[in-house]
Amino acid sequence: MKIALFIVMLLFLPVPCIAHPSAEEVLEKADEVRSPQLDYKVYVDVTSIRPGKEPKKAKYEVFIKGKDKTIIKTLEPSMDRGTSLLMIDYDLWVFLQNISKPLRISLQQRLIGDVANGDIARANFSGDYNPKILRIENFTGKEYYVLELLAKDERVTYHRIILWVQKDNSHPFKAEFYAVSGRILKTCSYENYRQVLGSLRPTRLVLDDPLVRGQKSILEYSDMTLTQLPEKYFTKDYLKKLKY
Amino acid sequence: MNLRIAIFLLIIVVISPVNTSALESEDNHFFDIHGFVKNETAYRIRSTHEFTKIKNILFITKEGKFTPSIGYKATGRFYYDAVFDLINNYSKRVEKNQEDEAELRDTYFDFSSGNFDLRIGKQQIVWGEAVGLFFADVVNPQDLREFILPEFDQMRIPLWSADLEYYRDGNHFEFVWIPILKFHRLGVNDSEFELSKPTVPTGALTYYQNEDKPSNDLKNGELGMRLSRSIKGWDLAAFCLYGYDYFPTYFRTLSTDPVTSTTIVTLKPKYERLTLLGATFAKELKDVIFKGEIIYNNNKYFLVNDLTDIDGVVKKDFLDYLIGIDYTFFEKVDFNFQFMQRIIFNHDNNMADNEMATSFSIWLKTGFFDNTLEPELFFVTSLRKSDTMFRPKISYKFKGKWTAVLGIDVFDGRPDGTFGQFDAKDRTYLELRYDF
């Protein structure tokens, strides 16, 4: 009788939970690692490397409010200093010193050097993409969620992204970016994790062009600071007031 | 006067404390002065071939914040045009007017409190969406001594003014007060880009009187207001400006010399009030930017050809509008097309201007070698009469600080056309700029 009771109790014991988090949760946690989900500013140094050419350097100061508002100030090179970019959702404005007024531009225009506007302006994937967990991969002794991200809107920089996120700490590890045609545009590795604003965050992104051997852009993030950014800053009429 | 102010301001900004806040760069250090030095050399390639400009420019600017809510900017521009010393092409009058200049440019204080911002000082207030042309860009007068060929920020004449802005719920309100008046700066007689003056009867003696400018008192000031808002991706704005026609109106009187019986035409340039009402829009749709501007001008004086007219001018309302698109082909070639029209209401047959003037412009730009080499062209032409400007150029950027530009400015058309009047002034030019 005791044995029978024990067996019945065993049957009704809670089964240990082995369910995985949803793709959305994985992506949101990965976004939180990439950037604090608060108003902040960060400096981005971009080094563009082309085979056989002298590396080109640029420096930007980036202000991010929420998931969809960004201001990019160009600090270097000197000839581009004073060029500001405002991105709200998928709308984009540029302020050029020699014109002195904000101009509406499309996301296609490349105004901030060799990287796409979205590479700097967007630090969150979850607002722009619908995620799906493709599989879990094991390599170098660690487990990674492999996410497929499909663009919610055709105006985003990349149509499809494959993102590897470390399972135990949600650290983005690497990504592949694809065009609508299915062609791979670039790959990215998230490197140099450092303690920034209370969390380990990647401070270097290496964007490789798989079609041109040796061609890459290195984005280095520094001095990430939480700061109050009023709504008025993120209006096209405020662009002329940015101080350099 | 300007030179002294410029030097004073430079001292102020160099010794000014730095107090960074939210949107100010923290690399803005004590002696962090930026700007450029530039040489602009132009050579006329029509009629008499000769150098028309060997201009050397120093442009310096310093900006920062005294406190988190009080900022400043100070800018000075100095130039010397060696063409007047090296090549004796122009009259003393032109030399005196254009050889050198020290000018205080955008220099102001910014005050911020909550949703209010106030900018007081010498400033450019720029409205509108158009590319390559002034349209709704109506607040600042322009230095037209080199027509509309220089960069627009260098052409606009900064105005001593107050610009109060208020941001709320996505709306932007702007109130502008301009107590100190400035008008377009025009090339003097015999200068390279002297604008055409009213035509006078053949054989008549013509006298130009001194300009009649309104005095700088409160009742003569200019007032402007603008409301803008973005709604579902549409950038919308409406504005009004109670200002002036920045071009002089030539009031004419006719008389006859009692001895020789020669007709004497006396022209008196005066600056008259003008009220403008306007609206602008911009919208992105499928990677195409659509933009437009419309400006209604109330009570502008136009010249009449009728010699029996008592003063040679007539007051009319007119409308300017522009519709444009921007598109980037193959993610490589930036393209802009603009269609423009001016309609004069209650047009009289004896007016010098047509009832309707229609024109369009095309702008193209692309880049090679990582956008270090950028060919660009701007073309604008009238549809009804021969009147064209064509501006191809190629820019080369190197070492992050240097820009070299080689270009040609070609004008074609009738002598009474906006561009045709400079038909004999086609030029090629070379510019070299170092940014610091």
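Throughout, protein chains are lettered first and strands after them, A, B, ... in sequence-line order, and every chain is numbered starting at 1. Every heavy atom of this structure was used, including side-chain atoms; hydrogens, water molecules and symmetry mates were not.
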Legend entry - From A:Leu103 atom CG to B:Lys291 atom NZ, the distance as rounded to the nearest 0.5 Å: 5.5 Å
Inset, instruction - Could you look at B:Tyr166 and say if it's the side chain, the backbone, both or neither that has a heavy atom under 4.5 Å from chain A? - result: neither
Inset, instruction - Measure distances from A:Asp91 to the heavy atoms of chain B and classify the residue's part below 4.5 Å as side chain, backbone, both or neither. - result: side chain
Inset, instruction - Select one option (side chain, backbone, both, neither) describing which atoms of B:Phe134 are under 4.5 Å from chain A's heavy atoms. - result: neither
Inset, instruction - Indicate the atoms forming the closest heavy-atom contact of A:Met79 with B:Thr403, along with that distance. - result: CE-OG1, 3.9 Å
Legend entry - Interface residue of largest heavy-atom contact number with chain A, from B:Arg433, B:His172, B:Arg156, under 4.5 Å: B:His172
Inset, instruction - May I have the step-by-step check of side-chain hydrogen bond (donor to acceptor under 3.5 Å, both in side chains) for B:Thr372 and A:Lys56, ending in yes or no? - result: CA-CA 11 Å; B:Thr372 52; A:Lys56 276 168 57 181; over 6 Å; no
Inset, instruction - Would you give the length of the straight line joining atom OG of B:Ser112 to atom NZ of A:Lys232, rounded to the nearest 0.5 angstrom? - result: 3.0 Å
Legend entry - Student check: side-chain heavy atoms of A:Tyr244 and B:Glu63 closer than 4.5 Å: yes
Legend entry - Minimal non-hydrogen separation, A:Ile99 against B:Val126, with atom names: O-CG1, 4.3 Å
Legend entry - Heavy atoms from other residues, nucleotides or ligands near CZ of B:Phe109 exceed 12 (cutoff 6.0 Å): no
Legend entry - B:Asp110, part contacting chain A, at a heavy-atom distance under 4.5 Å: side chain
Legend entry - Proximal component of B:Thr61, with respect to chain A [non-hydrogen, under 4.5 Å]: neither
Legend entry - B:Glu129 with A:Lys101: basic N within carboxylate O range, under 4.0 Å: no
Legend entry - chain B contact via A:Asp39 - side chain, backbone, both or neither, heavy atoms under 4.5 Å: neither
Legend entry - Salt bridge A:Arg81-B:Asp435, side-chain N to carboxylate O under 4.0 Å: no
Legend entry - Side-chain heavy-atom pair B:Asn115, A:Glu231 within 4.5 angstrom cut-off: no
Inset, instruction - Identify the two heavy atoms, one from B:Lys401 and one from A:Ser78, that lie closest to each other, and give their separation to 0.1 Å. - result: NZ-OG, 3.1 Å
Legend entry - Over 12 foreign heavy atoms within 6.0 Å of CD, A:Glu191: yes
Legend entry - Minimum heavy-atom distance A:Pro77-B:Gly400, with the two atoms named: CB-O, 3.3 Å
Legend entry - Crowding at NZ, A:Lys132 (>12 non-hydrogen neighbours, <6.0 Å): no
Legend entry - Contact summary for A:Ser106 and B:Thr328, nearest pair of heavy atoms: OG-OG1, 4.2 Å
Inset, instruction - Under 4.5 Å heavy-atom distance to chain A, tell me which part of B:Lys332 shows up: side chain, backbone, both or neither. - result: neither
Inset, instruction - Might you point out which heavy atoms bring B:Tyr167 and A:Asp237 nearest each other, and give the distance in Å? - result: OH-O, 3.9 Å
Inset, instruction - Decide salt bridge (Lys or Arg N to Asp or Glu O under 4.0 Å) for A:Lys240 and B:Glu165; before the verdict, give the C-alpha distance in whole Å, the side-chain angles of both, and the deciding distance to 0.1 Å. - result: CA-CA 12 Å; A:Lys240 63 176 182 276; B:Glu165 292 172 88; 2.9 Å; yes
Legend entry - Nearest-0.5 Å distance that lies between atom CG in A:Leu96 and atom CD in B:Glu151: 10.0 Å
Legend entry - Structural part of B:Arg229 lying under 4.5 Å from a heavy atom of chain A: neither
Inset, instruction - Would you indicate whether the side-chain heavy atoms of A:Lys241 and B:Arg119 approach each other to under 4.5 Å? - result: yes
Legend entry - B:Lys283 NZ: over 12 foreign heavy atoms closer than 6.0 Å: yes
Inset, instruction - Please check if atom CZ in B:Phe369 has more than 12 non-hydrogen atoms from other residues, nucleotides or ligands closer than 6.0 Å. - result: no
Legend entry - Greater than 12 external heavy atoms within 6.0 Å of A:Glu54's CD: no
Legend entry - Value rounded to 0.5 Å, distance of OG in A:Ser100 from CG in B:Asn140: 9.5 Å
Inset, instruction - Rounded to the nearest 0.5 Å, what's the gap from CG on B:Asp153 to CD on A:Gln97? Could you check? - result: 7.5 Å
Legend entry - N-O pairing of B:Asp326 and A:Arg104 below 4.0 Å: no
Inset, instruction - Under 4.5 Å heavy-atom distance to chain A, tell me which part of B:Asp117 shows up: side chain, backbone, both or neither. - result: both
